[in-house]
Amino acid sequence: MSEDGSSSEETNTPTTSVSQDTSTAENTAITTSAFNIHPETPSSSSSFNTHLAIQSLSSILTTVSPSLLSQDQDPAFYLLHNPDISSQVSSLLRLPDSGAGDNNLCRWFYDTFQSSEPQLQLVVLRFLPIIAGLYLSRVALKKPLAGFEAVLLAIYAHETTSRAGQAVTVNVPDLSYPSIYHESKRPAKDNDAADLNLAVISPSLEPHGTVRSTRRARIVGVALELYYSKISLMPVGSKIDFCEFCKVWSGQEGHELQDDEDNVEFQDNQGNAEKESVIKEGRIALPWELLQPISRILGHCLLGPTRDEELIGSASAACRSLYSRSLHDINPHAILATRSLLRLSKMALDPKNNADHTEIPMSDVISL
């Protein structure tokens, strides 16, 4: 739920029409002529769909390399990793009116994700941190956001269909029973099987064709869960964008934790009025529906196989901001999660932990 507390805002389904929040001064209606879904084509025509998406994007961006359509490279991979295209798209997304219903870039994201081409969907997910970050930060400002909402609803509908509405669970064995990995002092019985404790990773999904204040955190959270499932394929720049928005969402950029995270005192860095205004506007509510996928993504940024110093530094700063926010809110679940991330960040930044313990040491001495 957003901090503005409104419960009446509504956005129509993107397949029919997408209207702005009812409390907003401007209501933007988007019909099927605005957000057209490309007709389905056989899987053998995936290359054709990719080239069609690139041609559509080239009419939106300032410059697109002609080699993008060449046959000696993967165009979708180029879209995903090319820094020039990423910079242009990011700049367009950060414009003040980028989330409006008539925005061409939002329409391109929506159509591209609905094409059901996995490689093109990765391109859309690459910019999800910016889309979700700007959307959540601008909700309280009552700006036109129908374009962002249409993209988020498309991702949510995709996950609802792929999961068949079922919850994502994991079976946690009862450690009081022995296994091949450990022993137990409890006497084993032939007819006494180990019970499995069912842990819910993500609750069941209900179809939503609109975005209301009570559904917003769940819809965005599901989109972030999909992003996390594909995070190993995401470029480093996308992950850094996510970490930066985590600091904005926490609203605690003006405060820095002391070296000891157990100390709840803060050192207030007095900034100018403009910086304080930006932090106040970007601060959002952080329910567990959002904080859980955020924690998973930050955990990957800290301990993932990509040992990028800039990414680890940005993720560590995000962890400090979120931990500061959780202490401010006195949220036990958030404190436990963010404090664990904060300790992991210290481990990741410690030079002693940079050694690869899986590497087999080379030696001329044979040990028997």
Side-chain angles (χ1 to χ4, degrees), residues 2-3 86 90-91 93-94 126-141 148 217 220-221 223-224 227-228 231 234-259 261 264-304 306 308-329 331 333-346 348-349:
S2 64
E3 292 190 334
S86 300
S90 299
S91 298
L93 284 175
R94 296 174 187 273
R126 183 257 179 268
F127 297 100
L128 179 62
I130 301 179
I131 294 174
L134 293 174
Y135 171 68
L136 293 176
S137 301
R138 293 177 180 178
V139 163
L141 304 180
F148 286 160
V220 178
L224 293 178
Y227 178 84
Y228 173 72
I231 195 170
M234 294 293 111
V236 174
S238 176
K239 303 173 188 178
I240 293 178
D241 290 337
F242 178 82
C243 295
E244 293 300 320
F245 273 108
C246 285
K247 292 188 289 186
V248 175
W249 291 340
S250 69
Q252 301 296 127
E253 278 190 307
H255 300 82
E256 289 294 335
L257 280 174
Q258 294 183 359
D259 292 336
E261 71 271 14
V264 298
E265 295 180 3
F266 302 100
Q267 295 176 348
D268 190 1
N269 298 329
Q270 298 295 334
N272 53 44
E274 181 180 359
K275 179 179 178 182
E276 293 296 330
S277 177
V278 172
I279 294 174
K280 183 178 180 180
E281 290 178 356
R283 188 180 189 274
I284 65 171
L286 290 174
W288 188 243
E289 295 168 313
L290 279 175
L291 194 58
Q292 188 179 41
I294 287 175
S295 301
R296 295 176 191 167
I297 296 172
L298 289 178
H300 170 88
C301 295
L302 291 171
L303 303 177
T306 304
D308 185 89
E309 293 184 1
E310 183 181 1
L311 175 60
I312 295 177
S314 182
S316 299
C319 293
R320 291 194 298 270
S321 297
L322 290 173
Y323 180 65
S324 173
R325 168 67 182 275
S326 64
L327 290 176
H328 180 273
D329 293 346
N331 186 335
H333 289 87
I335 291 174
L336 179 61
T338 54
R339 182 178 177 180
S340 299
L341 286 174
L342 191 60
R343 291 184 172 181
L344 287 176
S345 68
K346 290 186 177 181
L349 293 174

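Remember, predicted model here, so these are calculated numbers, not experimental data. All residue numbers refer to positions in the sequence shown, counting from 1.
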Test item: Y227 and K239 side chains (from C-beta on) under 4.5 Å apart, heavy atoms
yes

Measuring from atom NE2 of H333 to atom CG of L291, what distance do you get when rounded to the nearest 0.5 angstrom?
10.5 Å

Evaluate side-chain contact (heavy atoms from CB on, under 4.5 Å) for L322 paired with L298, printing each intermediate quantity in order.
CA-CA 11 Å; L322 290 173; L298 289 178; 3.5 Å; yes

Nearest-0.5 Å distance that lies between atom CG in D241 and atom CG in L134
9.5 Å

In terms of heavy-atom contacts, F148 and I131 come closest through CD2-CG2, 3.9 Å

Measure the spacing between CD1 of I130 and CG of L93 and express it to the nearest 0.5 Å.
5.5 Å

Could you label the plane-to-plane angle of the F242 and W249 rings as parallel, tilted or perpendicular, counting under 30° as parallel and over 60° as perpendicular?
perpendicular

Is there a side-chain contact between C243 and C301 in this structure, where contact means two heavy atoms from C-beta onward sitting under 4.5 Å apart?
yes

With side chains defined as the heavy atoms from C-beta onward, is the minimum distance between C246 and I297 less than 4.5 Å?
no

Is there a side-chain contact between Y323 and S250, using heavy atoms and a 4.5 Å cut-off?
no

Nearest non-hydrogen partners of R325 and A285, listed with the distance:
NH2-CA, 3.8 Å

Minimum side-chain heavy-atom gap E310-I240 below 4.5 Å:
yes

Go through the steps for T338 and C319 under the test side-chain contact (heavy atoms from CB on, under 4.5 Å), then give the verdict.
CA-CA 6 Å; T338 54; C319 293; over 6 Å; no

Could you tell me whether the side chain of S340 and the main chain of L336 form a donor-acceptor pair under 3.5 Å?
yes

Could you report the tightest heavy-atom contact between L341 and L302, atom names first, then the distance?
O-CD1, 3.6 Å

Donor-acceptor check, side chain of S316 to backbone of I312, threshold 3.5 angstrom: yes or no?
yes

Check: S321 side chain, K247 main-chain N or O, donor-acceptor pair, under 3.5 Å
no

Hey, does I284 have a side-chain heavy atom less than 4.5 Å from the side chain of V139?
no

